[in-house]
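One is the number of the first residue; the rest follow in order along the sequence. Every number for a ligand or one of its atoms is a count from 1 in the order of the listing. Note: hydrogens, waters and symmetry copies are ignored here, and every other heavy atom, side chains too, is used.
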Amino acid sequence: MVSASIILPTYNERENISVLIPQLSKILKDNNIEYEIIVVDDNSPDRTWAKAQELSRDYPVRVFVRKKERGLSSAIIYGARRARYENIVVMDADLQHPPVYVPDIIRRLEKECELVVASRYMEGGGVSGWSMFRLFESKVALWIGKILLPPLRKTSDPMSGFFGVKKKYLLNPRIKPRGFKLLVEVLVKNPGIKICDVPYVFRSRLKGESKLGIRTILDYIIQVIEGALYYIKQKLK
Ligand SMILES: Nc1nc2c(ncn2[C@@H]2O[C@H](COP(=O)(O)OP(=O)(O)OP(=O)(O)O)[C@@H](O)[C@H]2O)c(=O)[nH]1
Ligand SMILES: [Mg+2]
């Protein structure tokens, strides 16, 4: 049987996980996939973790609460270390990453690819509910990344937060979990990884607030510069 661990990093997503976890569970069950859902919550003030624990009575959910650390990428790595299965799917908890795409990501991971990127920027993919400014911002970040960092050219959406990956690549000790864009690190630190892109349409956040901010942009810039230096160093070896 095909199996996967789904990692949901959460910070104040109480209402969203109440919708996402039942939906995701039904889809995985209907597709005959053996699975666990790992919620990594950074002690959310809205008590997302308590809601997740409640849901774990009815669904295969494991909840981890981090009290001292904060951060999206480090939360994902924390979850991956505890995952039971080799196939890992990383997705946001706010329903921007629709769960219908998850079975296909897992099947591709099982059959032919080591990294499956759910992409907004390929035929069949897209974004809904974004302002022109947000789209522009995302495209600029994409261009900067692709110009400075050749490994990012291997996928149409290197800044996607929605992807499937074999666990060993996520647990590569070279990966530095800074900021929001863990996929950038996965691409830079695993040069030979076999990549497939699958299209998806990014939806509007169901409830709650975005945690994106100026800090996220700064982290991304640092990440790209560090990545580029690492890449050059490897090339000169
Ligand atoms: N554990 C943990 N999860 C986080 C943290 N920051 C964000 N998240 C989660 O990571 C996912 C992505 O964060 P979002 O705020 O939705 O970021 P985004 O999707 O780029 O921004 P929006 O489009 O505005 O939603 C969500 O499930 C958040 O709850 C954090 O510091 N710790
Ligand atoms: Mg979001």
Side-chain angles (χ1 to χ4, degrees), residues 5-21 23-24 37-53 55 61-83 88-99 101-102 117-121 125-142 145 157-163 170 176-186 200-221 223:
S5 298
I6 321 294
I7 300 181
L8 298 181
T10 59
Y11 194 77
N12 287 344
E13 305 287 4
R14 185 185 179 86
E15 288 179 280
N16 291 327
I17 60 162
S18 312
V19 178
L20 174 62
I21 289 176
Q23 267 187 21
L24 182 60
I37 297 171
I38 297 182
V39 173
V40 185
D41 186 79
D42 289 353
N43 209 13
S44 297
D46 80 345
R47 297 168 56 89
T48 303
W49 44 273
K51 186 74 208 175
Q53 279 161 356
L55 286 159
V61 176
R62 293 165 65 208
V63 187
F64 298 97
V65 186
R66 302 194 307 169
K67 295 218 162 112
K68 295 202 183 92
E69 281 166 276
R70 257 306 295 275
L72 173 53
S73 295
S74 68
I76 297 167
I77 301 286
Y78 187 96
R81 288 209 183 102
R82 286 150 184 87
I88 306 275
V89 176
V90 176
M91 65 193 291
D92 288 3
D94 56 7
L95 285 120
Q96 286 178 322
H97 300 154
Y101 299 101
V102 174
V117 180
S119 169
R120 297 160 290 186
Y121 303 130
V127 283
S128 69
W130 267 15
S131 64
M132 287 298 278
F133 181 71
R134 176 106 196 245
L135 188 62
F136 176 73
E137 224 179 16
S138 176
K139 290 274 184 182
V140 170
L142 183 67
D157 197 352
M159 289 155 61
S160 180
F162 191 13
F163 57 92
L170 204 50
K176 281 194 197 157
R178 171 195 284 279
F180 261 49
K181 305 296 174 193
L182 186 59
L183 181 57
V184 168
E185 274 293 291
V186 173
Y200 89 100
V201 179
F202 184 95
R203 305 243 167 252
S204 302
R205 161 179 270 285
L206 183 70
K207 295 265 161 75
E209 279 169 21
S210 170
K211 283 105 221 166
L212 264 181
I214 190 80
R215 180 70 209 262
T216 321
I217 300 171
L218 212 69
D219 273 332
Y220 175 69
I221 294 169
Q223 199 181 3

- Query: Taking 2.8 Å as the cut-off, does an N/O/S atom of Gln96 lie below it from the Mg ion (ligand 2)?
  - Reply: yes

- Filtering Leu206, Val127, Asp92 for the heavy atom nearest atom 11 (C) of ligand 1 leaves Asp92

- Asp94: which N/O/S atom is nearest the Mg ion (ligand 2)? OD2

- Under-4.0 Å heavy-atom contact with ligand 1, by part of Gln96 that carries it: side chain

- Report the nearest protein non-hydrogen atom to atom 14 (P) of ligand 1: residue, atom name, distance rounded to 0.1 Å. Arg205 NH2, 3.5 Å

- At a 4.0 Å threshold, what atoms of ligand 1 neighbour a non-hydrogen atom of Arg134? 20 (O), 21 (O), 22 (P), 23 (O), 24 (O)

- Numbered in order shown, the ligand 1 atoms found under 4.0 Å of a heavy atom of Thr10 are 1 (N), 2 (C), 3 (N), 29 (O)

- With only distance considered, is Lys211 within less than 3.5 Å of ligand 1 through an N or O on each side? yes

- Item | Test item: Arg203 and Leu95 side chains (from C-beta on) under 4.5 Å apart, heavy atoms | no

- Any idea how Tyr200 and His97 line up, ring-wise: parallel (<30°), tilted (30 to 60°), or perpendicular (>60°)? perpendicular

- Does some side-chain heavy atom of Tyr11 sit less than 4.5 Å from a side-chain heavy atom of Asp46? no

- Item | Per-atom contacts of ligand 1 with Phe180, taking only distances under 4.0 Å to non-hydrogen atoms | 6 (N), 7 (C), 13 (O), 17 (O)

- Task: Decide whether an N or O pair under 3.5 Å exists between Ala75 and ligand 1.
- Result: no

- Message: Side chain, backbone, both or neither: which applies to Val40 and ligand 1 if a contact is any heavy-atom pair less than 4.0 Å apart?
- Response: backbone

- Task: For atom 10 (O) of ligand 1, find the nearest protein heavy atom and state the residue, atom name and distance (0.1 Å precision).
- Result: Leu72 CD1, 3.2 Å

- Residue Tyr11 vicinity, atoms of ligand 1 by number, heavy atom under 4.0 Å: 3 (N), 4 (C), 5 (C), 29 (O)

- Note on the structure: Closest heavy-atom pair, Ser73 versus Gly179, reported as atoms and distance to 0.1 Å, is OG-O, 2.7 Å

- Of all the non-hydrogen atoms in the protein, which one sits nearest to atom 31 (O) of ligand 1, and at what distance? Arg70 NE, 2.8 Å

- State the atoms of ligand 1, each with its element, that fall below the 4.0 Å cut-off from a heavy-atom position in Pro9. 3 (N), 9 (C), 10 (O), 26 (C), 27 (O), 28 (C), 29 (O)

- Item | Residues Phe64, Ile38; criterion side chain to side chain contact (heavy atoms under 4.5 Å, CB included); working and verdict | CA-CA 8 Å; Phe64 298 97; Ile38 297 182; 3.7 Å; yes

- Taking the side chain as C-beta and beyond, is there a heavy-atom pair between Val90 and Leu182 under 4.5 Å? no

- Message: Is there a side-chain contact between Tyr220 and Met159 in this structure, where contact means two heavy atoms from C-beta onward sitting under 4.5 Å apart?
- Response: yes

- Do Asp94 and Leu206 have side chains that get closer than 4.5 Å, going by heavy atoms? no

- Query: Between Ala93 and ligand 1, does any nitrogen or oxygen pair lie at a separation below 3.5 Å?
  - Reply: yes

- Task: Give the C-alpha distance, both sets of side-chain angles, the deciding distance and a yes or no for side chain to side chain contact (heavy atoms under 4.5 Å, CB included) between Val40 and Ile76.
- Result: CA-CA 7 Å; Val40 185; Ile76 297 167; over 6 Å; no

- Message: Give the atom numbers and elements of ligand 1 that come within less than 4.0 Å of a heavy atom of Asp42.
- Response: 1 (N), 2 (C), 30 (C), 31 (O), 32 (N)

- Message: Looking at non-hydrogen atoms alone, which of Ser74, Gly208, Ser210, Gly213 comes nearest to atom 24 (O) of ligand 1?
- Response: Ser210

- Message: I need the minimum non-hydrogen distance between Asn12 and Ser44, along with the two atoms involved.
- Response: N-OG, 2.8 Å

- Please state whether Gly71 comes within less than 4.0 angstrom of ligand 1, counting heavy atoms only. yes

- Item | Which of the ligand 1 atoms, numbered from 1, are nearer than 4.0 Å to a heavy atom of Glu13 | 26 (C), 27 (O), 28 (C), 29 (O)

- With a 3.5 Å cut-off and no angle check, do the side chains of Ser138 and Arg120 form a donor-acceptor pair? no

- Query: Is the shortest heavy-atom distance from the side chain of Leu72 to the side chain of Thr216 under 4.5 Å?
  - Reply: no

